[in-house]
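A short write-up of the structure that comes next.
Each chain gets a letter, A, B and so on, in the order the sequences are listed, and its residues count up from 1. None of these values were measured; they are calculated from a predicted model.
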Amino acid sequence: MDQRATLEMIAPSVDEAVQNGLEQLGLSRDRVHIEVLDEGGGGLFGFGGRQARVRLTVLGEGEAAEPAHEERKTPRREPRPEPTDAELEDVASIAKATVQELLQHMGIHADVETRVGVSEEGDRSAPVIVDIKGNDLSILIGRDAETLNALQLITRMIVGKEVGHSAHLIVDVESYRERREENLRELARRMANQAVRTGRRQSLEPMTPAERRIIHLELRENDEVSTESAGQDPKRKVVIIPQQS
Amino acid sequence: MKALIEYIARSLVDDPTQVDVQERQNGSRTDFSLQVAKEDMGRVIGRQGRVANAMRVLVQVAAARDDQRAFLNISEPE
């Protein structure tokens with residue numbers, strides 16, 4: 001094993017982390033190998049986001065430094081072209097078979113239906129929706145939808161592996177997510193009113209990224225308030241801020 | 001439950017032949033031990049352990065159906 005000196009740095013941005021590391025080592029950029037362990041980010045306006053993490057390895061004499069950007073562990077993905085109907089049908093049928101198989105192994109009897117939904121945004125690809133229908137399926141939702149989200153994650157991973165790219169699909173049980181979305185919109189409007197009335201920022205309960213997105217979108221057109229996300233997952237929450245008029 | 005773990009793991013890895021699930025009964029509690037090829041560890045664990053945690057949730061729900069408790073441990077081959 002080679003035992004070259006390495007240094008891990010954490011800072012608000014990748015550049016700052018690298019800069020701080022180089023200063024600490026007293027070396028220039030071409031004398032170290034830079035690995036980006038975590039790009040950080042995630043917070044709106046850099047507020048409440050994850051810190052960036054880099055590892056610097058001191059190079060021996062004669063070793064050339066590689067460009068840092070080729071070492072990124074989480075490369076920015078090119079946006080995929082809009083999926084064709086045939087691709088969506090493909091994802092839908094694989095997703096249906098996958099969910100059926102998972103439920104069968106879990107000992108749960110239910111019907112599985114798929115449809116291609118239309119997202120309200122229009123600029124995002126229409127997701128495939130897998131709806132599980134049957135009696136007494138609350139076990140499939142779980143506390144804070146933990147079970148449903150686990151089922152959705154595993155289904156996405158398996159389908160993604162099968163089709164060779166990440167699968168944009170939603171797994172729902174008895175339209176639970178639809179109802180939850182309606183409740184979230186209502187909550188957003190109510191808390192926005194409260195923020196305006198009291199002149200104080202309102203912190204909502206912790207939510208998943210998808211749930212926070214619903215709140216942000218619901219209040220995007222509302223000029224009287226702005227929204228931000230604060231804190232770290234899984235405790236990250238939306239804050240509704242009244243605008244000074 | 002063993003079949004559930006095997007199905008998920010085999011569907012996610014590059015080398016399904018290296019997937020092995022052992023189970024050990026411990027009263028009303030079952031301990032499952034999943035092994036996959038070293039190169040496939042990342043696929044069954046996921047970023048910040050998200051895939052492993054999701055598997056654990058599903059295994060626990062399946063176990064609760066039979067009034068059982070189940071635990072899932074993931075390791076690479078010796």
Under 4.5 Å, counting heavy-atom pairs only, tell me which of A:Gln104, A:Gln152, A:Glu101, A:Glu162 racks up the most with chain B. A:Glu101
Distance in Å, A:Met106 CE paired with B:Met1 CE, rounded so as to fall on 0.5 Å steps: 10.5 Å
Return the minimal non-hydrogen interatomic distance between A:Lys161 and B:Ser11, and the atom names on each side. CG-O, 3.4 Å
Between B:Leu58 and A:Thr147, which heavy-atom pair has the shortest distance, and what is it? CD2-O, 4.1 Å
With chain A as the partner chain, list the residues of residues 22-44 of chain B whose heavy atoms fall under 4.5 Å from it, by residue number, and write 'none' if nothing qualifies. B:Arg43
Heavy-atom cut-off 4.5 Å, strictly under: side chain, backbone, both or neither for B:Asn53 against chain A? neither
How close do A:Gly107 and B:Arg65 get, counting heavy atoms only, and between which atoms? O-NH2, 3.1 Å
Heavy-atom contact with chain B under 4.5 Å, split by part of A:Leu102: both
Where does A:Leu140 contact chain B at under 4.5 Å (heavy atoms): side chain, backbone, both or neither? neither
Does a sphere of radius 6.0 Å around CD in A:Glu146 hold more than 12 heavy atoms from other residues, nucleotides or ligands, not counting ones at 6.0 Å or beyond? no
Find the distance between CG (A:Leu153) and CE (B:Met55) and round it off to the nearest 0.5 Å. 11.0 Å
Check each atom of B:Arg56 against the heavy atoms of chain A and say whether the ones under 4.5 Å are side chain, backbone, both or neither. neither
Is chain A contacted by the side chain of B:Glu6, its backbone, both, or neither, given a heavy-atom distance below 4.5 Å? neither
Among B:Gly46, B:Ala63, B:Ala64, B:Ala62, residue most engaged with chain A (heavy-atom pairs, under 4.5 Å): B:Ala62
